[in-house]
Chemist: 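A single structure is presented below for examination.
We're numbering straight along the sequence, starting at 1.
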Amino acid sequence: MSERILEIRKNSYALGIGPENGGCVTFFKKAATDIFAPFNQDHPASIVMTPIGNRQSCTRSVNGVEYRVGSQHGKETGNYLHGDGWKSSWSVKAHEDEHIILSHTKNQTPEACDSYYAEQEFRLLENDTLLMGVSVTNTGKDDLVAGPGHHPWFPRDEQTIVRIDAPAQKVWVFDYNMRLQPSSLIDLPAEWDFNSGVRMMNEKLPSTISIADEFLMDSCIPNVGAIHVIQPSQGFEIVMTTDRKGHAVVYNPTREKDFCVVEAVPSIPYAAQLMAQGVKDTGATVLKTGETMKFNTYLKIQQL
């Protein structure tokens with residue numbers, strides 16, 4: 001796989017992108033300080049999720065016929081994990097000093113029924129802000145369930161705090177016997193009071209057991225406002241906002257890991273399956289042929 005890295009810079013910020021390496025973010029830094037967790041063999045700094053984010057089933061029913069959407073990724077049986085954009089090579093549509101636009105086309109095959117065209121936009125804006133935009137256009141003859149986004153890893157230490165403007169104070173909890181499908185929407189436990197802020201390395205956080213790992217948290221908080229990743233040891237916080245109503249996915253693994261994942265996404269995990277079950281407000285969009293959905297995420301870096 002190519003190791004080509006494209007860079008954009010503005011003021012003291014720098015962002016790296018690997019077009020052939022899934023169109024992933026390889027680094028996002030302010031001077032020498034990493035804002036995203038550094039790229040390593042376990043994860044990039046951030047990956048794109050197309051055509052829909054987070055976990056989905058590898059199959060879906062179209063007019064009563066079961067079709068394969070994509071290949072299984074990861075340890076979770078039957079999971080089309082984070083879509084397929086992050087497993088694909090992207091073309092460079094534009095590359096200037098302060099912005100990059102990538103494109104990717106997926107055509108229907110016997111192994112996968114979806115067809116779409118996607119673009120990623122990365123732009124360093126004024127006021128210490130990074131724009132990460134993702135769009136998906138349905139190029140197939142069947143409806144396409146879309147909900148694209150980005151999946152960033154953040155450094156995590158004893159001081160890292162995540163605060164989420166979550167007025168509904170609800171959380172989707174996952175059934176780990178159902179390929180991590182959200183199974184119920186409950187009130188936020190007191191220990192998960194993200195409106196006030198949750199310290200990610202708090203050993204008193206409730207633990208749930210997944211298929212192979214122990215997590216401190218791996219859940220989705222619906223209908224949120226701004227998401228704050230606060231890094232006192234680094235002296236700044238990241239304020240994440242979007243241009244349309246979104247949800248927050250928080251993956252906070254065992255204390256032995258040095259990262260957490262905090263995503264602003266338009267759709268909750270397994271949105272397509274939950275929609276088929278009659279669940280409302282999943283955030284997913286059903287695109288007819290030729291229709292496009294775009295989701296912009298803004299990350300503003302503020303000094304503490």
Chemist: Check the angle between the aromatic planes of Trp153 and His43 and answer parallel, tilted or perpendicular using the 30° and 60° thresholds.
Modeler: parallel

Chemist: What's the verdict on side-chain hydrogen bond (donor to acceptor under 3.5 Å, both in side chains) for His150 and Thr297, showing C-alpha distance, side-chain angles and the deciding distance?
Modeler: CA-CA 8 Å; His150 250 272; Thr297 303; over 6 Å; no

Chemist: I need the minimum non-hydrogen distance between Met275 and Ala284, along with the two atoms involved.
Modeler: SD-CB, 3.6 Å

Chemist: Taking the six-membered ring for Trp, are Phe39 and Phe27 closer than 6.0 Å centroid to centroid?
Modeler: no

Chemist: Once rounded to the nearest 0.5 Å, what's the spacing between atom OH of Tyr13 and atom OG1 of Thr33?
Modeler: 10.0 Å

Chemist: Nearest 0.5 Å please: distance from the CG atom of Asp165 over to the NE2 atom of His228.
Modeler: 4.5 Å

Chemist: Which heavy-atom pair separates Lys170 from Ile221 by the least distance, and what is that distance?
Modeler: O-CG2, 3.4 Å

Chemist: In Å and rounded to the nearest 0.5 Å, what is the CD1 to CG distance from Ile301 to Asp128?
Modeler: 7.5 Å

Chemist: Rounded to the nearest 0.5 Å, what separation is found between the CD1 atom of Ile8 and the CZ atom of Phe28?
Modeler: 8.5 Å

Chemist: Determine, for Glu158 against Arg199, whether the closest basic-nitrogen to carboxylate-oxygen distance falls under 4.0 angstrom.
Modeler: yes

Chemist: Can you name the closest pair of heavy atoms from Arg156 and Pro253 and give their distance?
Modeler: NH1-O, 2.9 Å

Chemist: When you compare the side chain of Gln303 with that of Lys30, does any pair of heavy atoms fall below 4.5 Å?
Modeler: yes

Chemist: When rounded to the nearest 0.5 angstrom, what distance separates CG in Leu124 from CG in Asn11?
Modeler: 9.0 Å

Chemist: Between Lys93 and Glu119, is there a side-chain N and carboxylate O pair less than 4.0 Å apart?
Modeler: yes

Chemist: Does some side-chain heavy atom of Pro44 sit less than 4.5 Å from a side-chain heavy atom of Asn21?
Modeler: no

Chemist: Should Lys245 and Asp281 count as an ion pair when the cut-off is N to O under 4.0 Å?
Modeler: yes

